[in-house]
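Accompanying notes for the structure given below.
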Amino acid sequence: GMSDDGAGGLVVVGNDVAALDLGVSGNLTMSHQTVVATAWYSRDGHAWSQAQVQSGAGSQMLGVAARPGAVVAAGNAGAWFSADGRSWVQEVLPGLKAPYSPQAIGSWSGGFVLVAGSAGSGAAMSRVWLSQNGQVWTPAAASLPGFSSRQIIGSGDRVTVVGSDITDPSSVAPASWGSTDGISWTKALAPAALPSVPINAVIQIDGTLVAVGDSTISHNLGGTPPPTPPLPTWASGSGTLWRSLPATAPALANARIAV
C-alpha cells in the first residue's frame, strides 16, 4: 500500500523476503525463507530509503494511512505506528485474535479506522478498531456481518469501507459500510451487472466517491472466449447510495484506481 506521510512525503509498505538461519547440521548451514514487514519512504517520489520496522518473521504490512504527524500501517500482525514513515513500532489491537486478521486501514476526521475480517470456512464477518492518534486502539462494539473489506476512504466527517457482501455464501455482491463516528455503521449495496464482483478500490473526485470492481473472467480452455464485459464502475455522493457508471474499459482482475 502507498500513502502520504502526513508531512508532504510518501510511504510504501509491503513485505520482503528474508532468510532465517536455523543453525548448522553436519556440514550444512540450515535456513529457510520467510516474509517480513517492510516500509520505504521518500520526500520526492524519486529517491527512496528503507525504514526501520519492528516486526517478526512472517509479518506482513498490507495497507497504510496517514494524518498530520502520524502514519499507521495494518497487516497480519496487527498495526504499526510511525511519526514520519522512517521508524515503525508495532501497536496492540486489543481483542484481536483468530480467526480475525486486519484487511484494511484508513484515516478520516475522527482519526484512524482499521477493519479486520474473519478467515476460515465460517460465515464472513468483519470487526472495527478505532484510534484517534494511531497508537491507542479501541475495538468498536459494532461488527460488519457478512462483509469482507478491500479499502477504506475518509471524506470529511464520514468514513466508508468498500468490499463485498457475502451474506449469501453462493454469491458475492459489491457493498460498502459507512459511519460518521466509527461506532454506528450502515450497509449499502451497489448494483452489479456481473456475478461475484466486489468493490475493489475507491477514490474521491470533487466530493464524489468513484469505485471500481474486481472481476475475473474465465472460460474453458479450447473454447471460444466470451465477450469481455466492461469494467464495473460506480459513483456515490456519500457512500450510502451507489449508481453504476458507463465504462468502456474491459473488466480487470484486482483493479485499482488513482488520480
Side-chain angles (χ1 to χ4, degrees), residues 1 3 5-6 11 13-15 34-39 51-154 157-164 166 175-187:
S3 173
D5 63 0
V11 173
V13 302
N15 318 303
T34 186
V35 294
V36 292
T38 305
Q52 295 180 339
V53 179
Q54 180 188 34
S55 65
S59 61
Q60 302 177 49
M61 285 180 166
L62 305 176
V64 61
R67 300 189 73 214
V71 195
V72 179
N76 63 346
W80 286 263
F81 172 84
S82 175
D84 54 12
R86 291 160 173 75
S87 178
W88 297 78
V89 294
Q90 212 161 347
E91 303 294 347
V92 175
L93 292 179
L96 177 66
K97 59 182 179 180
Y100 289 93
S101 179
Q103 293 178 327
I105 191 165
S107 62
W108 61 306
S109 62
F112 292 95
V113 177
L114 183 149
V115 175
S118 59
S121 57
M125 180 74 74
S126 291
R127 294 185 58 197
V128 178
W129 277 259
L130 305 171
S131 177
Q132 291 186 343
N133 59 14
Q135 296 174 285
V136 180
W137 291 87
T138 303
S143 60
L144 312 181
F147 184 69
S148 178
S149 63
R150 296 293 182 97
Q151 187 180 339
I152 300 174
I153 188 168
D157 62 354
R158 186 172 184 85
V159 61
T160 302
V161 188
V162 300
S164 56
I166 321 177
S176 67
W177 286 78
S179 176
T180 57
D181 58 10
I183 300 173
S184 299
W185 293 81
T186 302
K187 181 172 75 171

(Q) What I'd like to find out is whether the side chain of L130 reaches to under 4.5 Å of the side chain of V113, using heavy atoms alone. (A) yes
Q: For residues V71 and F81, determine if any side-chain heavy atom of one lies less than 4.5 Å from a side-chain heavy atom of the other.
A: no
Q: Determine whether V72 and I105 make a side-chain contact, defined as any pair of heavy atoms from C-beta on separated by less than 4.5 Å.
A: yes
Q: Could you tell me whether the side chain of V89 reaches within less than 4.5 Å of the side chain of W80, counting heavy atoms only?
A: no
Q) Can you find a pair of side-chain heavy atoms, one from V162 and one from I153, that are under 4.5 Å apart? A) no
Q) With a 4.5 Å heavy-atom cut-off, do Y100 and L93 have their side chains touching? A) no
Q: Would you check if the side chain of N76 reaches a backbone N or O of G58 as a donor-acceptor pair within less than 3.5 Å?
A: yes
Q) Taking all non-hydrogen atoms of both residues, which atom of G154 and which atom of W108 are closest, and how far apart? A) CA-CB, 3.9 Å
Q) Please walk me through it: do T138 and W129 pass side chain to side chain contact (heavy atoms under 4.5 Å, CB included)? A) CA-CA 5 Å; T138 303; W129 277 259; over 6 Å; no
Q: Could you pull out the closest heavy-atom pair between S164 and F147, with the gap in Å?
A: O-CD1, 3.2 Å
Q) So, for R127 and P139, which heavy atoms are closest and what is the spacing to 0.1 Å? A) NH2-CB, 3.8 Å
Q | Atom CD of Q54 with >12 non-hydrogen neighbours under 6.0 angstrom | A | yes
Q: Report yes if some heavy atom in the side chain of S176 is under 4.5 Å from a heavy atom in the side chain of K187; otherwise report no.
A: no
Q.
Using a 3.5 Å distance criterion without hydrogens, assess whether the side chain of S179 forms a donor-acceptor pair with backbone atoms of S184.
A. yes
Q) Under the 3.5 angstrom rule, does the side chain of S149 hit a backbone N or O of Q151 as a donor-acceptor pair? A) no
Q. OG of S148 to CD of Q103: how many Å apart, nearest 0.5 Å?
A. 4.0 Å
Q.
Any side-chain to backbone donor/acceptor pair from T180 onto D157? Under 3.5 Å, distance only.
A. no
Q | W177 CH2 to T160 OG1 distance, which is reported to the nearest 0.5 Å | A | 12.5 Å
Q | Set of side chain to side chain donor-acceptor pair (under 3.5 Å) partners for S131, sequence neighbours left out | A | N133
Q: Take the angle between the ring planes of F112 and W137 and call it parallel below 30°, perpendicular above 60°, tilted in between.
A: tilted
**Q.** Closest non-hydrogen atom pair, A37 against M61
**A.** CB-CG, 3.7 Å
Q: Ignoring hydrogens and angles, tell me if any N or O in the side chain of Q90 forms a donor-acceptor pair with the backbone of A77 under 3.5 Å.
A: yes
Q: Check whether any side-chain heavy atom of V115 lies under 4.5 Å from a side-chain heavy atom of I152, and answer yes or no.
A: yes
Q.
Between S82 (side chain only) and D84 (backbone N and O only), is there a donor and an acceptor less than 3.5 Å apart?
A. yes
Q: Check A65 against S107 and note the closest heavy-atom contact, atom names and distance.
A: CB-N, 3.9 Å
Q | Among N15, V13, T38, the one residue meeting side chain to side chain contact (heavy atoms under 4.5 Å, CB included) with Q60 | A | N15
Q.
Give me the atom names and distance for the closest heavy-atom approach of L114 to P102.
A. CD2-CB, 3.9 Å
